[in-house]
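Here is the structure we will look at, set down as structure tokens.
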Amino acid sequence: YEEPNTFNYWAYLDVDNSVWNKYLLSDQAAFLFTRSGINSAFVPQLAEDLVQPVQDGATWTYIVNMVRDARWSDGERVTARDVVFTLDTCADLDFERVWKRFCPDELLSVRMLDELTVQFTFSVEPSIQLWEFGVALVPIMPEHFWKWDPTSETRKEDLFVKNGLSAPAFGPYVFETYSPGSAIIKRQNPYYYFKDTRITEYEDGTWLMQMPNGRRLQLYGDAQGRVL
């Protein structure tokens, strides 16, 4: 066991990347897409559905529609603004290590078309590695907490040293207290979007999500065979 050396998600995926920080911080971010738990299939999280790229001359574009009622643990809505802020921060501050695969050189731009719609434009036709294992899996950070000063000469360093212990989280738990050498206490996130959600994966590759709010999404099969 090691003491965490950061509660800052940005730093955790860059200069402070470690397995211990991962245990503590991995459920703090929101995601448009993720990998399923059993089949490791590429599936939506805050995206409404899977999307395909559209070619326009020498560029390829994805337009992703986001779910309407997702919130951070402080009650603020998760919006396209957060997605654009995260990827702009990644590119503008020249992040390295894990972050680098989320903001590659082939990603020309990320635009907010409206509060719940994001446009991703690439200079090449996105491969599975570039999209499904790269940009589409970017961890989304809440702009209203992490917004940084673009005029600061030490803006990257300033962002990395900001204490994320009080940062709004998306996952089921939020940091409450930290006593070095003793305990880290988390409390339930009252706005956790996926509370009581049921995910079922089948032998034929089907991934099925059923949520209490009525959202239902079935992908990759006809729900045949045994449940995994």
Side-chain angles (χ1 to χ4, degrees), residues 9 13 26-56 59-73 76-91 98-99 101-104 106-122 125-143 168-172 189 191-201 205-221:
Y9 199 101
L13 289 185
S26 59
D27 65 349
Q28 299 297 292
F31 297 87
L32 291 175
F33 301 92
T34 189
R35 312 299 302 192
S36 67
I38 298 177
N39 290 326
S40 195
F42 179 68
V43 296
Q45 189 178 88
L46 295 187
E48 287 189 336
D49 207 338
L50 298 178
V51 293
Q52 296 297 322
V54 174
Q55 184 177 3
D56 182 12
T59 63
W60 284 258
T61 297
Y62 290 95
I63 295 180
V64 179
N65 295 312
M66 299 173 62
V67 299
R68 183 169 299 277
D69 47 354
R71 296 183 181 274
W72 299 104
S73 58
E76 292 287 325
R77 292 176 66 201
V78 184
T79 70
R81 194 179 306 277
D82 296 313
V83 181
V84 173
F85 164 73
T86 301
L87 283 164
D88 281 353
T89 297
C90 179
V98 180
W99 279 111
R101 68 186 176 103
F102 303 129
C103 49
E106 295 89 346
L107 181 61
L108 297 178
S109 66
V110 185
R111 293 179 53 213
M112 182 180 76
L113 301 186
D114 60 44
E115 285 291 304
L116 295 173
T117 309
V118 191
Q119 177 180 288
F120 300 82
T121 301
F122 291 84
E125 183 175 8
S127 62
I128 291 177
Q129 194 67 28
L130 186 60
W131 177 246
E132 292 189 12
F133 286 93
V135 177
L137 300 183
V138 62
I140 303 167
M141 298 283 97
E143 181 189 32
F170 180 75
N189 175 1
Y191 295 99
Y192 181 46
Y193 179 70
F194 290 104
K195 183 179 180 181
D196 297 326
T197 293
R198 181 179 178 183
I199 302 290
T200 310
E201 295 185 64
T206 300
W207 177 86
L208 173 63
M209 178 177 67
Q210 297 168 289
M211 298 185 64
N213 65 5
R215 184 185 180 197
R216 185 182 188 279
L217 188 60
Q218 180 174 325
L219 301 170
Y220 301 122

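It should be emphasised that the depicted structure is a prediction, and the values quoted were computed from it without experimental measurement. Here, residue 1 is the first one in the sequence, and each next residue gets the next number.
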Could you check if a side-chain atom of [X] sits within less than 4.5 angstrom of a side-chain atom of [Y], using non-hydrogen atoms only?
| X | Y | value |
| --- | --- | --- |
| Tyr191 | Val78 | no |
| Phe120 | Val83 | yes |
| Tyr9 | Pro139 | yes |
| Pro44 | Trp207 | yes |
| Cys103 | Val135 | no |

Distance check, rounded to the nearest 0.5 Å: [X] atom [atom1] versus [Y] atom [atom2]?
| X | Y | atom1 | atom2 | answer |
| --- | --- | --- | --- | --- |
| Glu125 | Trp131 | CD | CH2 | 13.5 Å |
| Ile140 | Phe31 | CD1 | CZ | 8.0 Å |
| Gln55 | Thr61 | CD | OG1 | 10.0 Å |
| Phe102 | Leu107 | CZ | CG | 12.5 Å |
| Arg101 | Leu137 | CZ | CG | 6.0 Å |
| Arg215 | Thr197 | CZ | OG1 | 8.5 Å |

CA sep, side-chain torsions, deciding dist, call: Thr86, Trp99, side chain to side chain contact (heavy atoms under 4.5 Å, CB included): CA-CA 10 Å; Thr86 301; Trp99 279 111; 4.0 Å; yes
Can you tell me how the ring of Phe42 sits relative to the ring of Phe33, calling it parallel under 30°, perpendicular over 60° and tilted otherwise? parallel
Taking all atoms of both residues into account, what is the closest heavy-atom pair of [X] and [Y], and its distance?
| X | Y | value |
| --- | --- | --- |
| Leu130 | Pro104 | CD1-CG, 3.5 Å |
| Val110 | Val84 | O-CG1, 3.8 Å |
| Pro126 | Trp60 | CD-CB, 3.7 Å |
| Asp114 | Met112 | O-CG, 2.9 Å |

For [X], which residues count as a side chain to side chain donor-acceptor pair (under 3.5 Å) partner, sequence neighbours excluded?
| X | result |
| --- | --- |
| Gln218 | Arg216 |
| Thr89 | Trp148 |
| Ser73 | none |
| Glu115 | Arg81 |

For Thr79, is there any backbone N or O sitting under 3.5 Å from a side-chain donor or acceptor partner on Asp82?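 Flag set: sc Asp82 to bb Thr79 pair under 3.5 Å.
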Is there a side chain to side chain contact (heavy atoms under 4.5 Å, CB included) between Phe194 and Ile199? Walk through the geometry before answering. CA-CA 10 Å; Phe194 290 104; Ile199 302 290; over 6 Å; no
Would Asp27 and Tyr192 count as a side chain to side chain contact (heavy atoms under 4.5 Å, CB included) here? Give the steps. CA-CA 11 Å; Asp27 65 349; Tyr192 181 46; over 6 Å; no
Step by step, would you call Leu46 with Phe170 a side chain to side chain contact (heavy atoms under 4.5 Å, CB included)? CA-CA 11 Å; Leu46 295 187; Phe170 180 75; 3.6 Å; yes
Please list every donor-acceptor pair under 3.5 Å in which a side-chain atom of residues 62-71 meets a protein atom from a residue at least two apart or in another chain.
residue : atom : partner : partner atom : Å
Asn65   : OD1  : Thr117  : OG1          : 3.3
Asp69   : OD2  : Asn213  : ND2          : 3.3
Arg71   : NH1  : Gly75   : O            : 2.7

Does anything in residues 35-51 pair up under side-chain hydrogen bond (donor to acceptor under 3.5 Å, both in side chains), and if so which pairs, sequence neighbours excluded?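 Qualifying pairs: Ser36-Glu201, Asn39-Glu201.
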